[in-house]
**Q** 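Pasting a structure here, questions to come.
These figures come from a predicted structure and were not determined experimentally. Numbered from 1 within each chain, the chains take letters A, B, ... in sequence-line order.
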Amino acid sequence: MNDNSAIESIELQPIARICGEPLLEIPQDLYIPPDALEVFLDTFQGPLDLLLYLIRKHNLNILDIPMAELTQQYMAYVEMMRVDQLELAAEYLLMTALLIEIKSRMLLPNPKIETEQEHDPRAELVRRLLEYEQMKHAATRINELPQAGRDFNVIQIRIDQPPAAVQLPGINTDDLRNAWMAILTRARIHHPHQIKRETLSVRAYMSQVLRDLRGCDQVEFYELFSPTATVAEVIVTFLAVLELVKELLLEVSQSHDAGVIYVRSIDAAQSA
Amino acid sequence: MSAPLMPLNQLDTPDPLSPEKVKRVLEAALLTTSEPLPISELRKLFNLELNATVLSKLLEEIREKWLDSSVELVSVASGWRFQTKADIQPYLERLTPPKAPRYSRAALETLAIITYRQPVTRGDIEEIRGVSVSSSVLKTLMTRGWIEAVGHRNVPGKPALFATTQHFLDDLNLRSLEELPPLEEMRSLIDSSAKNQDLPFEIPEAHD
Amino acid sequence: MSAPLMPLNQLDTPDPLSPEKVKRVLEAALLTTSEPLPISELRKLFNLELNATVLSKLLEEIREKWLDSSVELVSVASGWRFQTKADIQPYLERLTPPKAPRYSRAALETLAIITYRQPVTRGDIEEIRGVSVSSSVLKTLMTRGWIEAVGHRNVPGKPALFATTQHFLDDLNLRSLEELPPLEEMRSLIDSSAKNQDLPFEIPEAHD
């Protein structure tokens, strides 16, 4: 399987251009002109990518990589990269170290019995190279899939919205309670505030009494009490009247002893 | 298929630009935009090589083609656009129920004060909340029919006294104000949130 | 017109719900929404009164009806959606520059690793690529909504585990990860005809 020449012939596309000069290929001795370093770094995603390129495009045998030269040159690049690409330099350096390790181990007498294959650093490197290559291919394939916004657009037209019936906010008793709690909490934090001891039902009946009196000049006292009212309701209504009088909202009058007691809203009295 | 409308530009568009193709492109462009597209903009689709008259005619044809559909092509002030027809609206609303509006905190607190302290004047509400109450808040609640002025306090300025209405109770599914969360329960909640210090005010109690 | 699919609800929908009407409503709903709509969502259009089978059948009919158009109905991971066909794209790009960015090799490789090896940490990606992964690459993919952190690996530093999203599948017109191109077997890296003696180890196979 010697497709070396075939690959070479189609691979005449410049891999990069340096000052307008096409860089046709990465030379086998890995010498990269210093000017080209930046382009070179852009061209390859990292040492794995470079190594893969060398192996695939130049049919370079991992075992035959000229370690001494490569190391020398890598060290020179590392020096240059250190200026602003320290991390990348470290990665190339690491790869160089790995290659040297592999090479040195391969030069040692080959102990025919390899008990644990996984511990062979070359096997590990090959595994990584293959995995990386597989992902590189997968990346290309993914990029070839149709992509929303690039190869097609999603449809979205307008909904012809007629003036919708005004929807009113809904509330529930929890909303009211929470609002009230917020008020109380705030009052506690900010300033002492006297909130009188009163019962809700009295306040509700106060409103009701005022409502009943609205539009009337005055009513007789007994008219404020519904004939069907329970004892509790009668008491609460009476308390409400007293409270309203205290708050100067009602005027209660009796022209003579045991006479008719009239109740009028002071508001009504004033405007009358 | 009709004759090409303009010479084929091999590099740019591989197939001849028949009226059918132009209509396909127009449809796609109009379907991908919710904003109306004026003819001047639509001409860009064809590198300005088709004039407005041709496009108008084709747009009219597209409009007719879509007449029976649930979507219509309309020409509005700023251009052409596709939109759904009104009879589809009720269905679409089931998909995205309109978000229920909410009352502001100011409105809710005002309502709570009127509910629990009624009848109260605007001044009372402001005193309790510690901030002024905007007229719009009161107006909102009045328009809703939840509060009403039940009288006036006999002090200078004769401020209106507000109370909640029967309609408010109805809307909250309550038979009477007594069914509201009792204030006593609130006290325990507040107490539990207050760490050490004594409350600087007396907590109102609900008891008959 | 065909027989109604369900009894007419006079208050809600004034006309009987024939298959034609259902298709009109489905079309309108899908044309007005840019996000794919799953059947479960589409059922809401009809107050859940039509089952998934009926809707699937009608959606299929709609899909066929639109086949010759410049717009197609497709089923992707999150549901059904209308989209333009690829041949229209060059025209549309004249109107609005393409919205989708072209991704760098680093971004595409990172995406491929997350796609095929998910869930993976940044460290896993760096291990495979042999270089560090810049935060901007991950951020780009996250901003696009294609990847997300789905958890943390329980090792020191608790690194985030990344996975692809449903939105990623949607954007690539896919219904599931299984529809992605399968990983290719890579050609062996060591030439068997190489002058070197027998290899002292077995070459691991690429596997997924």
**Q** Identify the two heavy atoms, one from A:R214 and one from B:A149, that lie closest to each other, and give their separation to 0.1 Å.
**A** NH1-O, 2.7 Å

**Q** What part of B:T110 lies closer than 4.5 angstrom to a heavy atom of chain A: side chain, backbone, both or neither?
**A** neither

**Q** Do B:Q166 and A:R211 come close enough that some side-chain heavy atom pair is under 4.5 Å?
**A**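 In short, these two side chains do not touch, never coming nearer than 4.5 Å.
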
**Q** Taking CZ in A:F238 as the centre, count heavy atoms belonging to other residues, nucleotides or ligands within less than 6.0 Å. Is the count above 12?
**A**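 Open: at most 12 neighbouring heavy atoms sit under 6.0 Å from CZ of A:F238.
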
**Q** Is the shortest side-chain heavy-atom distance between B:R153 and A:L249 below 4.5 Å?
**A**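 A side-chain contact under 4.5 Å exists here.
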
**Q** Please tell me if the side chains of B:V150 and A:Q208 come closer than 4.5 Å, counting only heavy atoms from C-beta onward.
**A** no

**Q** Let me confirm one number: the OG1-CZ distance from B:T115 to A:R177, rounded to the nearest 0.5 Å.
**A** 14.0 Å

**Q** Chain A heavy atoms under 4.5 Å from B:E35: which part of the residue, side chain, backbone, both or neither?
**A** neither

**Q** For the residue pair B:S34 and A:Q156, confirm or rule out a side-chain donor-acceptor distance under 3.5 Å.
**A** no

**Q** Do B:L161 and A:L210 make a side-chain contact, defined as non-hydrogen atoms from C-beta onward lying under 4.5 Å apart?
**A**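 A side-chain contact exists here, since the closest heavy-atom pair is under 4.5 Å.
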
**Q** Please flag which part of B:V71 lies under 4.5 Å from any non-hydrogen atom of chain A: side chain, backbone, both or neither.
**A**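 Looking at B:V71, just its side chain touches chain A.
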
**Q** In Å and rounded to the nearest 0.5 Å, what is the OG1 to CZ distance from B:T32 to A:F152?
**A** 12.5 Å

**Q** Determine the minimum heavy-atom distance between A:S207 and B:Q118, stating which atoms define it.
**A** OG-OE1, 2.9 Å

**Q** For the residue pair A:I155 and B:L31, what are the closest heavy atoms and their distance?
**A**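 Smallest interatomic distance, heavy atoms only, reads CG2-O, 3.2 Å.
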
**Q** Minimum heavy-atom separation for B:E109 and A:A182, please, with both atom names.
**A** OE2-CB, 3.7 Å

**Q** Are there over 12 heavy-atom neighbours, none belonging to B:D68, within less than 6.0 Å of that residue's CG?
**A**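 Check fails, neighbour count at 12 or below.
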
**Q** Is there side-chain contact between B:L172 and A:N172, with at least one heavy-atom pair below 4.5 Å?
**A**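 A side-chain contact under 4.5 Å is absent here.
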
**Q** Step by step, work out the side chain to side chain contact (heavy atoms under 4.5 Å, CB included) result for A:L176 and B:L180.
**A** CA-CA 9 Å; A:L176 279 180; B:L180 279 166; 3.7 Å; yes

